[in-house]
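Scroll down for the structure; my scribbles are underneath it.
These values consider heavy atoms only, across backbone and side chains, with no hydrogens, waters or symmetry-generated copies. Quick note on labels: first sequence line is chain A, next is B, and so on, each numbered from 1.
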There are 2 protein chains.
Amino acid sequence: MSGIQLNELQALDIWRRAIVASVRADAPDLSARQMALLLSVYLTPPPHTVRGLAQLMKVSKPAITRAVNRLTELELVRRKTDEADRRSVFIQRTVRGSVFLREYGELIVSAALGETEGSSDGLPPRY
Amino acid sequence: MSGIQLNELQALDIWRRAIVASVRADAPDLSARQMALLLSVYLTPPPHTVRGLAQLMKVSKPAITRAVNRLTELELVRRKTDEADRRSVFIQRTVRGSVFLREYGELIVSAALGETEGSSDGLPPRY
DNA sequence: CGCTATTGTTTCGCTAGCGTAATCTCTAGG
DNA sequence: CCTAGAGATTACGCTAGCGAAACAATAGCG
């Protein structure tokens, strides 16, 4: 039909397809916080600092440090100290992170297309 | 207005807004596996067993057991043994889980509307 | 300089989650 | 009955992550 009539149930179902596909593909099992951080770094304008991300996500700075540690191990982001103020640390993108998120986006789009094609009927059982 | 031109970047940005809002709202910090399980239980037709979910998500059965433990503590799902075959355990929905996912869906829809309606200002209204 | 404020990390004690292997419980077939 | 096997959980040793508090490093101002 015309496009995605994005009601809540369809939105959830798209998300279900995408995240199940991601888990099946053995992608790293990121927590919501880690994913929020990753997406923020890639999709909002830099610079991104620990302090800024902590405020954005309303979590403690150590929580950001730990999430960055994890994402750095996975090479999805990297640290770069701000030379203008050496107390600050910038969280930056990496090639691997770009690839990861690109594929993630494709997953969501595929899930959305699968959703709209055909299955206009079955709103899954009552809810 | 009829639908969302869902390219990868927009998809990711919608997801970013939704998950950041969720984290800010202090929602439980579920992992991708846990979220995949939760969505599968609510959006695909029952019955859902440990074995079936393990196959669906391509993870080990103990991993499913642990995820169900966690989601049960949060009262987002519950266990029910199959009386016809008492080895099996059904993973079922709960009222709290329905509410949780409903709100989650609203979050995504809000994020999508914010995305398409060009309210590119700061954060969407906080949740 | 000295002092205070800011920024990020580390430490502490603890909980959650991992994969593999073992175990428990139940079913079904002979 | 009894046994083979299926389904789920538990045990084990380990890693990751938590919040709160302490810490280290740097900035900036008097």
Next on the checklist: Quick check: on DNA chain D, is the nucleotide nearest Arg66(A) upstream (toward 5') of the one nearest Arg66(B), or the reverse? Name the residue that is more 5'.
Outcome noted: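 Here Arg66(B) is the residue nearer the 5' end.
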Hey, does [X] reach any base, or is it just sugar-phosphate, or nothing, if we go heavy atoms under 4.0 Å?
X: Ser31(A); result: nothing
X: Arg86(A); result: sugar-phosphate
X: Arg51(B); result: sugar-phosphate
X: Gln34(B); result: sugar-phosphate

Rounding to a whole Å, what distance do you find between [X]:[atom1] and [N]:[atom2]?
X: Lys61(A); N: dT11(C); atom1: NZ; atom2: C1'; result: 15 Å
X: Arg70(A); N: dC18(D); atom1: CZ; atom2: C1'; result: 15 Å
X: His48(A); N: dT7(C); atom1: NE2; atom2: P; result: 17 Å
X: Leu53(B); N: dT9(D); atom1: CG; atom2: C1'; result: 15 Å
X: Ile91(B); N: dG7(D); atom1: CD1; atom2: P; result: 14 Å
X: Asp82(B); N: dG7(D); atom1: CG; atom2: C1'; result: 11 Å
X: Glu83(A); N: dG8(C); atom1: CD; atom2: C1'; result: 15 Å
X: Leu74(B); N: dG17(C); atom1: CG; atom2: C1'; result: 14 Å

Is any side-chain N or O of [X] closer than 4.0 Å to OP1 or OP2 of [N]?
X: Ser60(A); N: dG19(D); value: yes
X: Arg79(A); N: dT9(C); value: yes
X: Arg33(A); N: dG19(D); value: yes
X: Ser88(B); N: dA8(D); value: yes
X: Thr65(B); N: dA8(D); value: no

Checklist entry - Would you say the side chain of Val20(A) lies within less than 4.5 Å of the side chain of Lys58(B), judging by non-hydrogen atoms? => result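 Side-chain contact under 4.5 Å: no.
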Item to check | Flag side-chain contact, heavy atom, 4.5 Å: Leu30(B) against Leu74(B) | outcome: yes
Between [options], which one does the side chain of [X] approach most closely?
X: Pro62(B); options: dT27(C), dT10(D), dG8(C); result: dT10(D)
X: Val89(B); options: dG17(D), dT9(D), dG8(C); result: dT9(D)
X: Asp85(A); options: dA27(D), dT7(C), dA8(D); result: dA27(D)

Checklist entry - Ile14(B), Leu39(B): one ILVMFWY side-chain cluster at the under-4.5 Å cut-off? => result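 Same hydrophobic cluster.
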Next on the checklist: Are Leu71(B) and Met57(B) connected into the same hydrophobic cluster when the rule is that any two of I, L, V, M, F, W, Y join if their side-chain heavy atoms are below 4.5 Å apart?
Outcome noted: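 Shared cluster, yes.
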Checklist entry - Given that Glu73(B) and Ala63(B) both sit by DNA chain C, which one's nearest nucleotide is further toward the 5' end? => result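 Nearer the 5' end of the strand: Glu73(B).
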Item to check | Under 3.5 Å donor-acceptor, Arg87(A) side chain and Asp82(A) backbone | outcome: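 Not at all, since once roles are kept as given, no pair shorter than 3.5 Å links the two residues.
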Checklist entry - Is it the case that more than 12 heavy atoms not belonging to Arg102(A) sit under 6.0 Å from its CZ atom? => result no
Item to check | N/O donor-acceptor pair, side chain Arg87(A) with base dT6(C), under 3.5 angstrom | outcome: yes
